[in-house]
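No experiment lies behind these values; they were computed from the predicted model shown. Computation of the quantities below employed the complete heavy-atom set of this structure, encompassing side-chain atoms and omitting hydrogens, waters and symmetry-equivalent molecules.
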Amino acid sequence: MEFTNREIKIWNEISEWQENLYQYERKDLSALYDKWLEQGFELLPDNVQQQFFEKLDTWLFHLHAMVQSSQIQIDARERILASARLFKEDIETLDDLNHLSIDQLNYIANQHIAKHRLYSFAQGGVSGSGSLLLLGSDIPAMTVINVRIVQLIAMSYGVEVNTPFEMMMALKVFNAGAMPKRLQGMAWEELIREVQNADDDYFYLGIEELTNPTWMEQPLKQLLKAISITVFRKKLVRGIPFISMAIGAGANYQMTRNVSEFAQKFYQYRYLQKKKAEEE
């Protein structure tokens, strides 16, 4: 079975998107920021750095497992299967979604992507409303939203995320999607290499490290957003802090947009690559 015209078109779109990642121009300010971030962490003893990133990785692992096993995510899995049965009645498992067309899978995935971008927008607006409690809960809430959308996108393309291998892949996709654009090309290459070289699609045998100093740019951006919200939250228009709400909503929406776009390209690639391998 050969690629359909639509599959060829989407394959070419992924290739073009990938090339844009590789050719992304690194600005001088970004280089200075990277150097400053690296030097900042070098001030800490090696054992402190190691413990910090190990604890951060452990927190992400536990968060992924908690989201994946939550009733909300289990219900979402069933909704994905129900949506798939609209196209093919005998769909029983996520693996059966591989029998659907790429456009049908895109339709299912895009429903969840649109909802979670809206959730992020609303979460940002709420966090910018002026309450310190809501502002403090913004980073954990955004992490949950973005980990969840990666899992849902994976399931929408027929991938179970409850195996050690797929759990690690989903976490690395979330990690890469949250990175600055200038670093995503290298992260994309690493992900594709791991998928292609995997001898076992159940157990994960690669590098388990997720976070490092370069990954910290996104949390620092969130901190900068929090500072901006704090500065502008007293600037009221008819009693409502529109400026701080707009800052929060815009920043959160952009983050989820970046993560969901990266995740969708990755799982589209895997669907098409798997189909290509089966043809050969």
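- Annotation: Lys88, atom NZ; neighbour count of heavy atoms from other residues, nucleotides and ligands within 6.0 Å is above 12.
- With rounding to the nearest 0.5 angstrom, the CD atom of Gln104 is 11.5 Å from the OG atom of Ser83.
- Note that the CZ atom of Phe3 and the CD1 atom of Ile10 stand 10.0 Å from one another [nearest 0.5 Å].
- Atom CD1 of Ile72 has 12 or fewer neighbouring heavy atoms from other residues, nucleotides or ligands inside a 6.0 Å radius.
- Shortest non-hydrogen contact noted between Tyr267 and Met169 is OH-C, 4.2 Å.
- Between Thr143 and Leu63 the shortest heavy-atom distance is CG2-CD2, 3.2 Å.
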Trace of the side-chain hydrogen bond (donor to acceptor under 3.5 Å, both in side chains) decision for Asn258 with Gln254:
CA-CA 6 Å; Asn258 291 340; Gln254 188 60 45; 3.1 Å; yes

Give the intermediate values and the outcome of side-chain contact (heavy atoms from CB on, under 4.5 Å) for residues Glu13 and Glu16.
CA-CA 5 Å; Glu13 287 174 357; Glu16 183 180 349; 5.6 Å; no

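- Looking at Gln184, its side chain does come within 3.5 Å of a backbone N or O of Gly177 through a donor-acceptor pair.
- Of the inter-residue distances, the one linking Ser69 atom OG with Gln73 atom CD reads 9.5 Å to the nearest 0.5 angstrom.
- Taking the six-membered ring where the residue is Trp, the centroids of Tyr119 and His116 are separated by under 6.0 Å.
- Residues passing the side chain to side chain contact (heavy atoms under 4.5 Å, CB included) test with Ile192, sequence neighbours excluded: Trp188, Gln196, Phe266, Tyr269.
- The two residues Gln151 and Gln68 have their closest heavy-atom pair at OE1-CA, 3.4 Å.
- No side-chain donor from either of Arg6 and Ser101 sits under 3.5 Å from a side-chain acceptor of the other.
- Between Arg270 and Glu166 there is a salt bridge, since a side-chain N of the basic residue sits under 4.0 Å from a carboxylate O of the acidic one.
- There is a side-chain donor-acceptor pair under 3.5 Å between Tyr157 and Asn106.
- Without hydrogens or angle criteria, Gln268 side chain to Ile14 main chain gives no donor-acceptor distance under 3.5 Å.
- Across every non-hydrogen atom of Leu100 and Ala84, the tightest pair is CD1-CB, 3.8 Å.
- Between the side chains of Gln264 and Asn110, at least one donor-acceptor pair of N or O atoms lies under 3.5 Å.
- Of all the heavy atoms in Lys225 and Ala251, the pair that sits closest is CD-CB, 3.4 Å.
- At a threshold of 4.5 Å between non-hydrogen side-chain atoms, the residues Asn252 and Ile145 do not count as touching.
- In this structure, the side chains of Asn146 and Val150 stay at 4.5 Å or more apart for every pair of heavy atoms.
- To the nearest 0.5 Å, the span separating CD on Glu189 from CD on Glu194 amounts to 12.5 Å.
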With salt bridge (charged side-chain N to carboxylate O under 4.0 Å, His left out) as the test, would you mind laying out the steps for Asp57 and Lys172 before giving the verdict?
CA-CA 11 Å; Asp57 286 352; Lys172 288 198 169 188; over 6 Å; no

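- Expressed to the nearest 0.5 Å, how far CD1 of Ile247 lies from CD1 of Ile227 amounts to 11.5 Å.
- Atom CG of Asp90 sits in a crowded spot, with more than 12 heavy atoms from other residues, nucleotides or ligands closer than 6.0 Å.
- Contact of the Trp11 side chain with the Gln273 side chain is registered, since non-hydrogen atoms from C-beta on lie closer than 4.5 Å.
- Looking at residues two or more places apart in sequence or on another chain, you find a side chain to side chain donor-acceptor pair (under 3.5 Å) between Glu54 and Gln50.
- Using a 4.5 Å cut-off on side-chain heavy atoms (C-beta onward), Leu105 and Asn98 make no contact.
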Working note: Phe87 + Ile108, criterion side-chain contact (heavy atoms from CB on, under 4.5 Å); need CA distance, chi angles, decisive distance, verdict.
CA-CA 11 Å; Phe87 302 114; Ile108 295 171; 4.3 Å; yes

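- For the pair Phe61/Met167, a side-chain contact is recorded, criterion being any heavy-atom separation below 4.5 Å from C-beta on.
- Leu97 contributes atom CG, which lies 10.0 Å from atom CD of Glu160 (distance to the nearest 0.5 angstrom).
- With sequence neighbours excluded, no residue satisfies ring-ring contact (aromatic ring centres under 6.0 Å, His included) with His112.
- Screening Leu94, Leu152, Asn162, Val161 for a side-chain contact (heavy atoms from CB on, under 4.5 Å) involving Arg77 leaves a single residue, Leu94.
- With contacts defined as side-chain heavy-atom distances shorter than 4.5 Å, the pair Phe262/Met179 does not qualify.
- Smallest separation of non-hydrogen atoms from Gly128 and Ile229: CA-CG2, 3.7 Å.
- The shortest side-chain heavy-atom distance between Glu261 and Trp17 falls under the 4.5 Å cut-off.
- Looking only at atom types and distance, the side chain of Asp75 has a donor-acceptor partner in the side chain of Gln71 under 3.5 Å away.
- A 6.0 Å sphere centred on CZ of Phe232 holds no more than 12 heavy atoms belonging to other residues, nucleotides or ligands.
- Checking side-chain atoms of Ser120 against main-chain N and O of Tyr253 turns up no donor-acceptor pair under 3.5 Å.
- Residues Leu81 and Glu78 have side chains in contact (heavy-atom distance under 4.5 Å, counting atoms from C-beta outward).
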